[in-house]
Amino acid sequence: MPELPEVETIAVGLRRRAVGLRIDEIRLLWPKLLRGAAADLRRLRGKRILDIRRRGKMLLVSCEGDLHLLFHLKMTGQFHWTERAVPTDKHTRLRIAFRGGGPELRFRDVRKFGVLRILATPRPLEAAPLRALGPEPLAVSGPEIARLLARRKGRLKSLLLNQAFLAGIGNIYADEILHAAGLHPLRTSSSLTTSEARRLASSVAKILNAAVEAGGSSIRDYKDADGVDGSFQSRHRVYGRKGEPCLRCGAPVERRVIGGRSSFFCPKCQK
DNA sequence: GCCACTGTTAGCAT
DNA sequence: CATGCTAACAGTGG
């Protein structure tokens, strides 16, 4: 479930290790991973990786020649480094080998929801899938978030999950943010007082910063690109804690489906 | 063995 | 603009 903190952790780890490497060969083991022409993949051969960064939940690998690999990890996508000679397992969807030998970078994705696009443009952030994203929650000020909130309506839970509102928040962090803000997931943005909007904005930054610092949350099978678990799962205060006491007021945490997504919240201290 | 559930997003209907 | 449903997929747990 890579959300912003997990993708950020992966991006930092990959950047450290992959920038400067020259791509030798990209092999697509699961053709449907790539949206677009397979011929585009071959254009990457011989290109050097210049930068790797995150935007929302997407990972952008920028190479020479204004060519970019744009990954969305969806539910179960993960990267890892492996010696070329090691056989791939059945969930490996892509392998990228580099000039000069050394380990190759592999993309695994058990549920095959992951998506890869090739962007050929000097300004990838303005290209189709990235253009539609809202601002980065950690790059935008509290008052700005409050202002964005005032322009929207609808339930807070759905709004936080809306990537066009803020980019990168998923189900886990949406629930944790709302709990930290003491706001009920069914509250609407138009019902917020100024101080509630401010509380929500600061909770967005507080939770996401803490999660990035902890290397993300490793529930199920998330690991970063170096195979390391995150630790933020031990600090979840509502997510996955149905029936357990709220860590603020002691009332049992409730689970309810909101907008088709399981939502955990404290019915007593989230108003 | 069956079914519910898992979390993300596109696409479609309302 | 908002919401709700489904499909895409595979594994886990009851």
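Only a predicted model underlies this, so the values are computations on that prediction, with no experimental measurement involved. Note that these values count all heavy atoms, side chains included, but never hydrogens, waters or copies made by symmetry. In what follows, chains are A, B, ... by sequence order, proteins preceding strands, each numbered from 1.
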Undergrad: When you check the side-chain N and O atoms of A/Thr76 and A/Asp109, is any donor under 3.5 Å from an acceptor?
TA: yes
Undergrad: Can you give me every donor-acceptor pair (side chain of residues 260-268 of chain A, partner residue at least two apart or in another chain, under 3.5 Å) with its distance?
TA:
| unit_1 | atom_1 | unit_2 | atom_2 | d |
| --- | --- | --- | --- | --- |
| A/Ser263 | OG | A/Lys157 | NZ | 2.7 |
| A/Ser263 | OG | A/Arg261 | O | 3.3 |

Undergrad: Going by distance alone, is a donor N or O of one side chain under 3.5 Å from an acceptor N or O of the other, for A/Glu6 and A/Tyr173?
TA: yes
Undergrad: Would A/Glu104 and A/Arg106 pass as an ion pair if we require N to O under 4.0 Å?
TA: yes
Undergrad: Where along nucleotides 8-14 of chain B does protein come under 4.0 Å, by heavy atom, of base (B) or sugar-phosphate alone (S), with - for untouched nucleotides?
TA: BS-----
Undergrad: What side-chain donor-acceptor pairs closer than 3.5 Å can you find for residues 114-128 of chain A, not counting sequence neighbours?
TA:
| unit_1 | atom_1 | unit_2 | atom_2 | d |
| --- | --- | --- | --- | --- |
| A/Thr121 | OG1 | A/Arg123 | N | 3.0 |
| A/Arg123 | NE | A/Glu126 | OE1 | 3.3 |

Undergrad: Of all the nucleotides listed (C/dT3, B/dT6, C/dC9), which has the minimum atom distance to the side chain of A/Lys32?
TA: C/dC9
Undergrad: Which side-chain N or O atoms in residues 22-29 of chain A pair as donor and acceptor under 3.5 Å with protein atoms at least two apart or in another chain?
TA:
| unit_1 | atom_1 | unit_2 | atom_2 | d |
| --- | --- | --- | --- | --- |
| A/Arg22 | NH1 | A/Gly46 | O | 2.9 |
| A/Arg22 | NH1 | A/Glu64 | OE1 | 3.3 |
| A/Asp24 | OD1 | A/Arg99 | NE | 3.2 |

Undergrad: Below 4.0 angstrom from OP1 or OP2 of C/dT3, is there any side-chain N or O of A/Lys153?
TA: no
Undergrad: Return the polar atom pairs (N/O with N/O) between nucleotides 10-14 of chain C and the protein under 3.5 Å, or none.
TA:
| unit_1 | atom_1 | unit_2 | atom_2 | d |
| --- | --- | --- | --- | --- |
| C/dA10 | OP1 | A/Lys112 | NZ | 2.4 |
| C/dA10 | N1 | A/Arg111 | NH2 | 3.3 |
| C/dA10 | N3 | A/Arg111 | NE | 3.4 |
| C/dG11 | OP1 | A/Lys90 | NZ | 3.4 |
| C/dG11 | OP1 | A/His91 | NE2 | 3.1 |

Undergrad: In what stems does DNA chain C take part, counting only runs of at least 3 consecutive Watson-Crick or G-U pairs whose two distances fall under 3.5 Å?
TA: B:2-6 with C:10-14, B:8-14 with C:2-8
Undergrad: Please measure how far the P atom in B/dC5 lies from the corresponding atom in C/dC5, and state the result in whole Å.
TA: 14 Å
Undergrad: Is a donor from one side chain sitting under 3.5 angstrom from an acceptor on the other, for A/Ser234 and A/His236?
TA: no
